[in-house]
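Take a look at the structure set out below.
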2 protein chains.
Amino acid sequence: MKTVVTRTFNHHVVKEGNKSLVLNKIIDCSPISRASVASEVGLNKGTVSSLVNDLLEDHLIYESGPGVSSGGRRPVMLLFNDTAGHSIGIDIGVNYLLGILTDLSGNIVLKKEVTFKDLSYEEIEAKLFAVIDYLQASAPASPHGIIGIGVGVPGIVDNDGSILLAPNLNWKNLNLQAILEEKYSLPVIIENEANAGAYGEKKFGAGTECDNIVYVSAGIGIGVGLILNGELYKGSNGFSGELGHMTIQIDGETCRCGNKGCWELYASEQALITQAEPMGLPLADHEEFDLTNLQALAAAGNKDVIALFEQTGDYLGVGINNIINTFNPQQVIIGNRLASAKELLELPLNNRVAKQALWFQKNDLEIKFSELSTFSTALGVAAFSIENFLQVSIQQKNVLSV
Amino acid sequence: MKTVVTRTFNHHVVKEGNKSLVLNKIIDCSPISRASVASEVGLNKGTVSSLVNDLLEDHLIYESGPGVSSGGRRPVMLLFNDTAGHSIGIDIGVNYLLGILTDLSGNIVLKKEVTFKDLSYEEIEAKLFAVIDYLQASAPASPHGIIGIGVGVPGIVDNDGSILLAPNLNWKNLNLQAILEEKYSLPVIIENEANAGAYGEKKFGAGTECDNIVYVSAGIGIGVGLILNGELYKGSNGFSGELGHMTIQIDGETCRCGNKGCWELYASEQALITQAEPMGLPLADHEEFDLTNLQALAAAGNKDVIALFEQTGDYLGVGINNIINTFNPQQVIIGNRLASAKELLELPLNNRVAKQALWFQKNDLEIKFSELSTFSTALGVAAFSIENFLQVSIQQKNVLSV
DNA sequence: AAACTTTGTTCATCCACTAGACTAACAAGG
DNA sequence: CCTTGTTAGTCTAGTGGATGAACAAAGTTT
């Protein structure tokens with residue numbers, strides 16, 4: 001038996017679509033009157049009134065006092081009800097766990113960060129539960145409560161929310177989505193950290209106006225999140241964006257993935273550390289090399305370290321140039337740990353791109369460092385939940401009224 | 001003033017959407033009865049009947065004799081009216097011009113090929129007009145006649161149909177779309193040759209079932225066409241897929257684009273020729289090196305040439321591996337001139353990918369050589385016109401009835 | 001021949017959008 | 001203060017298209 005996969009069109013679809021148009025208009029332009037929504041979206045005034053009433057009933061929007069008159073009756077202003085619910089976003093890093101609670105506009109109302117080192121899955125899971133419990137308990141009261149949990153992980157996530165592999169955490173084949181949904185009875189989304197970061201930047205960061213954004217998450221390794229034609233591109237199985245293992249030097253050094261000359265051997269935090277180690281640099285007792293103390297050394301004027309950053313920025317540029325040739329994006333956003341070294345990396349990176357990029361690619365192209373700083377991923381996964389929640393909220397009314 | 005950009009939902013949209021579902025079902029499954037369409041698409045029988053009547057009036061489908069009974073009244077079978085119109089597709093290469101006339105299913109009814117060398121734009125334009133005139137004049141009579149002209153060119157085409165640059169033809173800033181629309185008063189589409197090829201494979205070739213396809217057009221240079229999430233991805237300005245200039249060897253040779261180590265320096269027809277020239281190979285009088293005589297030499301058992309092809313296949317694999325890591329596609333299709341050397345290239349290419357690709361990328365991944373052989377591009381541009389025509393046909397009725 | 005199946009049409013009903021009338025609320029001018 | 005004009009929002013009748021059910025048409029099975 002072939003099941004029906006296509007979605008047919010009927011008045012439910014029409015209403016849902018228009019409701020979504022109205023809601024998005026209010027979110028983007030609040031405060032706004034019914035009349036303005038109608039004229040700007042292109043719907044009839046009556047239609048808008050009716051849809052607005054539905055949205056009011058769902059507490060997704062609210063009316064504020066009358067606005068200013070433009071020569072006639074004063075309009076009733078409509079606003080998006082930011083705080084009708086809250087979303088939990090978790091960013092699990094190699095040695096930290098960042099949890100945030102956001103309202104429906106992505107404003108961070110609460111954050112909780114834990115750092116650790118070399119923990120087992122069970123230990124990290126305990127910390128994860130603790131953070132979620134804390135955020136859930138501390139969330140302000142609201143009509144819809146916690147509307148979902150999103151988790152970003154540094155690894156390969158398939159389309160079912162299973163973490164196939166998180167090499168730096170030593171996780172394999174872990175269905176974190178099922179575990180969390182079971183425990184919290186809430187919608188849960190697990191997503192690759194770079195994909196989430198890209199979505200975060202698209203929704204709340206530098207790229208709100210753009211349809212084609214490439215987010216380069218440069219940390220210990222390099223992952224890439226892709227927003228193409230306005231939506232997240234995940235590939236057939238969810239494994240797109242593994243650009244850290246793009247070959248940029250056929251006969252280069254061997255990578256832990258088994259290949260030679262992978263990009264992340266040249267342009268990641270690990271690359272910096274590996275190259276710094278044999279340099280005999282001064283370090284405080286018991287400290288290991290990491291980005292932070294290398295940045296300190298550079299700030300102190302150590303020329304070797306500065307040169308190292310410049311070299312890394314140049315190599316970042318090589319890969320980003322490949323990205324530009326591939327995607328012709330409007331924005332390339334560099335995020336994750338290396339984004340904090342913007343001052344050291346930006347100039348050599350831009351020089352490389354200026355020298356290499358094909359002339360026609362340079363128009364309208366922006367290369368930026370993340371605006372959301374360390375929150376891109378957490379905000380991104382929180383945004384996934386919000387997006388789903390709003391979509392379902394708009395549908396439900398129709399389903400119930402059938 | 002802000003113009004209305006969003007499209008609101010109303011009855012027309014519903015009807016248009018359902019009509020499209022019905023038509024596509026008939027195209028995919030013809031012959032098929034009204035009853036089957038209804039149950040498989042999920043629409044009411046009456047709705048389907050009404051929409052089918054519209055489609056019959058437009059000559060987009062037709063009824064054949066009754067089908068076989070399955071225990072009741074015999075169904076009236078519906079078929080897509082292939083020959084309700086014809087589409088012209090032109091593939092302009094560096095030294096050839098291929099024109100085809102197809103029916104609405106992409107069957108080639110007529111073809112006309114011209115070869116040339118070092119012609120000016122004006123000379124090529126004359127040949128282009130001649131081919132179009134010939135195809136137009138020879139097209140069988142049909143209710144809708146010629147429904148559009150599509151042209152694929154080896155160059156950079158922006159979103160307005162202007163050819164910004166076709167380096168191997170020496171064309172610059174040429175609005176071929178305007179020229180052809182003016183002359184023929186038909187809808188004209190100009191598209192990059194690789195993008196068109198990708199679309200051709202998606203519509204009529206190996207990739208009809210796949211949503212994520214990467215088409216590698218390996219000719220004198222390398223261009224890549226991307227089908228992502230089921231649709232052609234063109235980038236913000238239409239310049240995506242310039243993967244021929246992806247760096248795969250940072251300190252490699254210098255390319256004509258000014259950069260070093262570009263992929264097409266290692267894995268294109270030009271790469272083969274450049275490497276073959278100093279080898280002192282035997283050639284017939286007055287002949288220059290090209291793919292054809294190199295293939296002949298390889299077929300004759302020349303070990304140096306065979307090794308050259310193997311090396312090229314290996315390098316093709318390097319870039320394709322980068323593509324796999326980037327896109328996690330279901331299919332990678334190699335097209336254009338080098339596809340004809342499948343026997344020589346396939347093994348080393350597959351070896352390289354087998355050795356390099358990350359393990360989780362290998363599932364469900366197919367690497368193929370083009371099924372449509374030299375027609376990918378011409379069929380692709382013809383398909384663009386067909387797609388547009390069908391979409392407009394479905395709309396028109398609604399617009400008229402307002 | 002009678003009973004059952006399947007196909008396709010017809011018709012009354014429902015739902016959501018639209019146009020336009022209407023009410024409410026305001027500004028400006030005499 | 002009242003009148004005129006303008007804008008905001010509601011209300012109502014009308015319309016288009018999907019739906020479900022009844023029905024006619026044309027088969028098969030027993």
Side-chain angles (χ1 to χ4, degrees), chain A residues 4 6-22 26 31-56 61 63-78 394-395 397-402, chain B residues 4 6-22 26 31-56 61 63-78 394-395 397-402:
Chain A
V4 176
T6 50
R7 187 177 186 193
T8 61
F9 293 77
N10 53 34
H11 26 262
H12 297 288
V13 178
V14 172
K15 185 163 186 180
E16 188 185 317
N18 285 333
K19 214 179 191 177
S20 174
L21 289 177
V22 170
I26 295 173
I32 188 173
S33 67
R34 288 171 173 78
S36 303
V37 171
S39 76
E40 289 182 31
V41 172
L43 285 166
N44 184 277
K45 288 192 295 174
T47 308
V48 170
S49 269
S50 145
L51 296 174
V52 160
N53 284 338
D54 282 10
L55 293 171
L56 284 170
I61 61 173
E63 295 180 323
S64 78
V68 289
S69 159
S70 57
R73 172 172 164 178
R74 288 160 65 191
V76 178
M77 302 314 272
L78 303 169
I394 284 173
Q395 282 171 13
K397 266 288 168 183
N398 291 331
V399 174
L400 289 173
S401 69
V402 170
Chain B
V4 177
T6 49
R7 186 176 186 193
T8 61
F9 293 78
N10 54 34
H11 304 123
H12 299 288
V13 178
V14 171
K15 184 161 188 183
E16 188 185 317
N18 286 333
K19 213 177 193 178
S20 174
L21 290 176
V22 170
I26 295 172
I32 188 173
S33 67
R34 288 170 173 78
S36 304
V37 171
S39 76
E40 288 181 33
V41 172
L43 285 165
N44 186 277
K45 288 192 295 175
T47 308
V48 171
S49 267
S50 145
L51 296 173
V52 160
N53 284 338
D54 281 10
L55 293 171
L56 283 170
I61 60 174
E63 295 180 325
S64 80
V68 290
S69 160
S70 57
R73 169 172 166 181
R74 289 160 65 190
V76 178
M77 303 313 272
L78 302 169
I394 284 173
Q395 282 171 14
K397 265 286 169 184
N398 291 331
V399 173
L400 287 174
S401 69
V402 169

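Nothing here was measured: the structure is a model prediction, and the numbers come from that model.
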Atom pair distance, as rounded to whole Å: [atom1] in [X] and [atom2] in [N]:
X      : N       : atom1 : atom2 : value
L21(A) : dC17(C) : CG    : P     : 10 Å
H12(A) : dT19(D) : NE2   : P     : 9 Å
K19(A) : dC15(C) : NZ    : C1'   : 14 Å
E63(A) : dT10(D) : CD    : C1'   : 13 Å
E16(A) : dC17(C) : CD    : P     : 12 Å
M77(A) : dT7(D)  : CE    : P     : 15 Å
R34(B) : dT10(C) : CZ    : C1'   : 14 Å
K45(A) : dA19(C) : NZ    : C1'   : 10 Å

Can you tell me whether the side chain of [X] and the base of [N] have a donor-acceptor pair closer than 3.5 Å?
X      : N       : answer
H11(B) : dG17(D) : no
K15(B) : dG17(D) : no
N44(A) : dA19(C) : yes

### Query
So, R34(A) and E40(A), do they make that salt bridge, N to O below 4.0 Å?
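No.
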#### Entry: Side chain R74(A), main chain G67(A), donor-acceptor under 3.5 Å
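Pair found, side chain donor or acceptor close to backbone of G67(A).
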Heavy-atom closest contact ([X] atom, [Y] atom, distance):
X       : Y      : result
I394(B) : S20(B) : CD1-CA, 3.7 Å
L56(B)  : I61(B) : CD2-O, 3.6 Å
T8(B)   : L21(A) : CA-CD1, 3.8 Å

### Message
Taking 4.0 Å as the cut-off, does a side-chain nitrogen or oxygen of N18(B) come that near to OP1 or OP2 on dA18(D)?
### Response
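For dA18(D), OP1 or OP2 has a side-chain N or O of N18(B) closer than 4.0 Å.
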### Task
Give a yes/no answer on whether the side chain of S49(A) brings an N or O atom under 4.0 Å of OP1 or OP2 in dG9(D).
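No, outside the criterion.
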### Query
Going 5' to 3' along nucleotides 24-30 of chain C, which nucleotides have protein heavy atoms under 4.0 Å from the base (write B), which only from the sugar-phosphate (write S), and which from neither (write -)?
BBBS---
### Query
At under 4.0 Å between heavy atoms, what does V76(A) touch on the DNA or RNA strands: base, sugar-phosphate, or nothing?
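Here V76(A) touches the backbone only, sparing every base.
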### Query
Do L51(B) and V48(B) touch side chain to side chain, with heavy atoms closer than 4.5 Å?
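L51(B) does not reach V48(B) side chain to side chain.
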### Task
Please determine, for the side chain of S33(A), which listed nucleotide (dA16(C), dG8(C), dG9(D)) has the closest atom?
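Closest nucleotide to the S33(A) side chain: dG9(D).
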### Task
Tell me yes or no: between the side chains of T47(A) and S50(A), is some donor less than 3.5 Å from an acceptor?
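No.
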### Task
Would you kindly compare F9(A) and T47(A) by the position of their nearest DNA chain D nucleotide and give the one closer to the 5′ end?
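In this pair, the answer is T47(A).
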